[in-house]
Undergrad: 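I'd like to ask some things about the structure below.
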Amino acid sequence: MLDGLDYPAQRWQILVQAELYGAATTTKDTLRRLPPRTYADTGDVTRVLAAL
């Protein structure tokens, strides 16, 4: 889902990508927990989510 996103990406871009992809509500809720900042790549997003 997020692999098709151009990085670096802002939190809002990640949320829009999830919405366009048709992500499940639980996935979108999890992504909304991301702090607002720039993410270098999908691994960066995953690391931040794991730390929450």
Side-chain angles (χ1 to χ4, degrees):
M1 164 184 61
L2 296 180
D3 292 334
L5 187 60
D6 291 330
Y7 288 92
Q10 295 289 319
R11 176 184 177 266
W12 71 267
Q13 293 171 300
I14 294 167
L15 297 175
V16 168
Q17 178 72 9
E19 186 67 37
L20 292 174
Y21 183 80
T25 301
T26 54
T27 301
K28 291 186 285 189
D29 289 345
T30 300
L31 291 172
R32 284 186 193 102
R33 295 174 53 209
L34 287 168
R37 70 173 183 88
T38 301
Y39 293 86
D41 53 33
T42 304
D44 191 15
V45 173
T46 303
R47 283 187 295 278
V48 171
L49 288 173
L52 294 177

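Note that the numbering runs from 1 along the sequence shown for the chain. Since the structure is predicted, the reported quantities are computational estimates derived from the model, not experimental observations.
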Undergrad: Once side chain to side chain contact (heavy atoms under 4.5 Å, CB included) is applied, do any residues pair with Thr30, and if so which ones, sequence neighbours excluded?
TA: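 Thr30 satisfies side chain to side chain contact (heavy atoms under 4.5 Å, CB included) with Leu49 once adjacent residues are dropped.
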Undergrad: Identify, with sequence neighbours excluded, every residue that meets side chain to side chain contact (heavy atoms under 4.5 Å, CB included) alongside Thr27.
TA: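 Per chain and number, Thr27 pairs via side chain to side chain contact (heavy atoms under 4.5 Å, CB included) with Met1, Ala23, Ala24, Leu31.
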Undergrad: Could you pull out all residues at least two apart from Pro36 that satisfy side chain to side chain contact (heavy atoms under 4.5 Å, CB included)?
TA: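 Once residues adjacent in sequence are excluded, the partners of Pro36 under the side chain to side chain contact (heavy atoms under 4.5 Å, CB included) criterion are Arg11.
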Undergrad: Considering residues at least two apart in sequence or located in another chain, which fulfil the side chain to side chain contact (heavy atoms under 4.5 Å, CB included) criterion with Val16?
TA: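 If we apply the side chain to side chain contact (heavy atoms under 4.5 Å, CB included) test to Val16, skipping adjacent residues, the hits are Trp12, Leu20.
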Undergrad: Please list, chain by chain and in numerical order, all residues satisfying side chain to side chain donor-acceptor pair (under 3.5 Å) with Arg37, sequence neighbours excluded.
TA: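 Once residues adjacent in sequence are excluded, the partners of Arg37 under the side chain to side chain donor-acceptor pair (under 3.5 Å) criterion are Asp44.
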Undergrad: Find out whether Gln17 and Asp6 are in side-chain contact, i.e. whether some heavy atom of one side chain is under 4.5 Å from a heavy atom of the other.
TA: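 With C-beta onward as the side chain, the pair stays apart.
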Undergrad: Would you compute the distance between atom OH of Tyr39 and atom CD of Gln13 and round it to the nearest 0.5 angstrom?
TA: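 The CD atom of Gln13 is 12.0 Å from OH of Tyr39, to the nearest 0.5 Å.
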Undergrad: Once rounded to the nearest 0.5 Å, what's the spacing between atom OH of Tyr21 and atom CG of Leu2?
TA: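 One gets 9.5 Å once the value is rounded to the nearest 0.5 Å.
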Undergrad: State which residues pass side chain to side chain donor-acceptor pair (under 3.5 Å) with Glu19; sequence neighbours excluded, sorted by chain then number.
TA: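 Once residues adjacent in sequence are excluded, the partners of Glu19 under the side chain to side chain donor-acceptor pair (under 3.5 Å) criterion are Lys28.
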Undergrad: For Thr46, which residues count as a side chain to side chain donor-acceptor pair (under 3.5 Å) partner, sequence neighbours excluded?
TA: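 Here no residue qualifies.
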Undergrad: Please list, chain by chain and in numerical order, all residues satisfying side chain to side chain donor-acceptor pair (under 3.5 Å) with Arg32, sequence neighbours excluded.
TA: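 Here the qualifying residues are Asp29.
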